[in-house]
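Have a look at the structure below before the remarks.
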Amino acid sequence: MKEVTLVLDDGTQFHGQSFGYEKNVAGEVVFNTAMMGYPESLTDPSYAGQMLVTTFPLVGNYGVPKFSFEKNGLPTFMESDRIYATALIVSDYSEQYSHWNAHESLSEWLKREQVPGVTGIDTRELTKVLREHGVMMGRLLFGDKSHETDESYKNQEDYGSVNWVERVSCKDVIRYNEGAGKKVVLVDCGVKANIIRCLINRGVEVVRVPWNYDYTGMQFDGLFLANGPGDPDKCVDAVDILKKQLSANRKPVCGICMGNQLLAKAAGATIYKLKYGHRSHNQPVREVGTTRCYVTSQNHGYAVDASTLGKEWRELFVNMNDGSNEGIRHQTNPWFSSQFHPEACSGPVDTEFMFDRFIEAL
């Protein structure tokens, strides 16, 4: 396998071997502490522009499922129609795989989708660097090329300068479960397939619209704000349209991840970037006003400053590890959100009741 060097912006270097597609790439280097779920993570649009580091050492041992689609157009086992992560970095790639649903190896999949994969890197040491310094840009260099002379690094974009939501959102209106009872408009900021599935499984029609689509003149029963990558402060159009919607009527609104941040911005709050984000399957959150604590799946690098919320808003959930915001609610109107992922494919599913709360409010 070809030698690969990961060069971080602070000059730190890590050396490994390639098991994916071989091309020099750059991206924001982030880590995820989940023990499983690499097919779902890699196809999550929220990882667009990022190199995904897995802290769990053994990756690839259960292969990759077939990339098939259901009759409704949703991928059966993935979260979108392709890999969105810029690269995958692991400690120990398993060439041999075994699983009832496996169709190909992780290496074969990465090569087919032209995404680099690197093994043999001390990912726990890399994670320590990222926790100490904070997430930073990194570059993958194959062979003995120097990043000072490599043409592929000229004009390389900084992660924070890009409106990633605009890049991953759908471009046209897409309808699911047409003719079903209530109608829900879903604002696609980089939506995961299982969010749509959780909605249509509850018997509603879903109208998926681009992130900057003005839906305020449409006839619908509820509004759903999806997850997505990058800085929510780049999504000015989405927030302006949402403000227009909230000022016009009391129709139920629910948001997930990026949706929580957009709803909070519409409520007057500000957003800040976390030092190294929340990316795992085991983030504990408490529902405010109760003693109930849930284990949640998360993938975000920004958070809501709850102290800046408007007077009619309150926190709905808080993170038990660092006290950061995990959801908000309006005091009188049926508007609420979660920073975590209640659909949580590939788990846990402790908080899927958030969809039920939304459907009950329609």
Side-chain angles (χ1 to χ4, degrees), residues 1-42 44 46-62 83-97 106-107 110 115-148 150 153 156 158-160 273-284 297-302 319 321-322 324:
M1 293 187 288
K2 184 172 287 187
E3 294 296 314
V4 190
T5 301
L6 170 65
V7 183
L8 300 179
D9 262 4
D10 68 350
T12 306
Q13 295 188 13
F14 292 85
H15 302 280
Q17 299 80 42
S18 168
F19 71 93
Y21 190 76
E22 295 178 357
K23 68 174 179 180
N24 292 354
V25 295
E28 185 178 59
V29 184
V30 301
F31 64 89
N32 188 313
T33 62
M35 297 173 65
M36 58 179 292
Y38 53 82
E40 294 88 349
S41 292
L42 288 171
D44 181 353
S46 292
Y47 278 115
Q50 295 177 323
M51 297 189 196
L52 174 59
V53 179
T54 62
T55 60
F56 189 71
L58 183 62
V59 178
N61 58 314
Y62 61 89
I83 295 176
Y84 276 90
T86 300
L88 177 65
I89 300 172
V90 306
S91 173
D92 185 7
Y93 169 64
S94 175
E95 295 184 15
Q96 303 298 319
Y97 64 90
L106 176 56
S107 174
L110 291 174
V115 176
V118 184
T119 184
I121 283 182
D122 187 344
T123 55
R124 298 193 177 189
E125 176 62 27
L126 173 54
T127 299
K128 286 174 63 177
V129 171
L130 296 176
R131 284 178 62 96
E132 292 286 333
H133 181 281
V135 296
M136 63 184 108
M137 292 293 292
R139 298 171 175 81
L140 286 183
L141 306 174
F142 286 77
D144 58 359
K145 288 185 177 181
S146 166
H147 69 280
E148 284 84 10
D150 191 340
Y153 291 113
Q156 186 66 51
D158 180 73
Y159 180 81
K273 187 166 187 176
L274 295 165
K275 185 175 182 181
Y276 45 82
H278 296 159
R279 298 176 181 89
S280 66
H281 285 173
N282 61 350
Q283 288 285 331
S297 177
Q298 301 194 16
N299 175 18
H300 62 101
Y302 295 81
N319 189 290
N321 286 335
D322 61 12
S324 62

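None of the values given here were measured: they were computed from a predicted structure. Worth knowing before you read on, the calculation uses all heavy atoms, side chains too, and leaves out hydrogens, waters and symmetry mates. Quick note: residue numbers are just sequence positions, from 1.
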**OP:** Verify side chain to side chain contact (heavy atoms under 4.5 Å, CB included) between Tyr21 and Val115, making sure each step is shown before the conclusion.
**Re:** CA-CA 5 Å; Tyr21 190 76; Val115 176; 5.5 Å; no
Would you say [X] and [Y] make side-chain contact, with heavy atoms under 4.5 Å?
X     : Y      : answer
Gln17 : Glu3   : yes
Asn24 : Phe142 : yes
Tyr97 : Ser107 : no
Gln50 : Thr86  : no

Distance, nearest 0.5 Å, that separates [atom1] of [X] from [atom2] of [Y]:
X      : Y      : atom1 : atom2 : result
Ile121 : Leu6   : CD1   : CG    : 5.0 Å
Phe31  : Ser280 : CZ    : OG    : 9.0 Å
Gln13  : Asp10  : CD    : CG    : 10.0 Å
Gln283 : Asn319 : CD    : CG    : 5.0 Å
Leu88  : Ile83  : CG    : CD1   : 8.5 Å
Arg279 : Thr33  : CZ    : OG1   : 11.0 Å

Original post:
How far apart are the C-alpha atoms of Leu106 and Phe19, what are their side-chain angles, what is the distance that settles it, and do they pass the side chain to side chain contact (heavy atoms under 4.5 Å, CB included) test?
Top reply: CA-CA 9 Å; Leu106 176 56; Phe19 71 93; 4.0 Å; yes
Original post:
Can you tell me if His278 and Asn321 form a side-chain donor-acceptor pair at under 3.5 Å?
Top reply: no
Between [X] (side chain only) and [Y] (backbone N and O only), is there a donor and an acceptor less than 3.5 Å apart?
X      : Y      : value
Asn282 : Ala34  : no
Asp44  : Tyr47  : no
Lys23  : Pro116 : no

Distance-minimising heavy-atom pair for [X] and [Y]:
X      : Y      : value
Ser91  : Pro57  : CB-O, 3.7 Å
Leu58  : Ser94  : CD1-CB, 3.8 Å
Val25  : Ala87  : CG2-CB, 4.3 Å
Tyr62  : Pro39  : OH-CD, 3.6 Å
Gly20  : Leu110 : CA-CB, 4.1 Å
Asp322 : Ser324 : OD1-OG, 2.7 Å

**OP:** Verify side chain to side chain contact (heavy atoms under 4.5 Å, CB included) between His133 and Asp9, making sure each step is shown before the conclusion.
**Re:** CA-CA 10 Å; His133 181 281; Asp9 262 4; over 6 Å; no
Original post:
Quick one: which of Val135, Leu52, Val53 gives a side chain to side chain contact (heavy atoms under 4.5 Å, CB included) with Val29?
Top reply: Val53
Subject >> Sequence neighbours excluded - salt bridge (charged side-chain N to carboxylate O under 4.0 Å, His left out) pairs with any residue from residues 11-21 >> reply: none
**OP:** Sequence neighbours left out, what passes salt bridge (Lys or Arg N to Asp or Glu O under 4.0 Å) with Glu28? Give chain and number order.
**Re:** Lys273
Original post:
Under 6.0 Å from the CE atom of Met1, do we count more than 12 heavy atoms belonging to anything else shown?
Top reply: yes
Give the table of side-chain donor-acceptor pairs shorter than 3.5 Å for residues 122-130, with sequence neighbours excluded, one pair per line with atom names and distance.
unit_1	atom_1	unit_2	atom_2	d
Asp122	OD1	Arg124	N	3.3
Asp122	OD1	Glu125	N	3.1
Thr123	OG1	Thr54	O	3.4
Thr127	OG1	Thr123	O	2.7

**OP:** Before giving the answer on side chain to side chain contact (heavy atoms under 4.5 Å, CB included), spell out for Leu140 and Val118 the whole-Å C-alpha distance, their side-chain angles and the decisive distance to 0.1 Å.
**Re:** CA-CA 9 Å; Leu140 286 183; Val118 184; 3.8 Å; yes
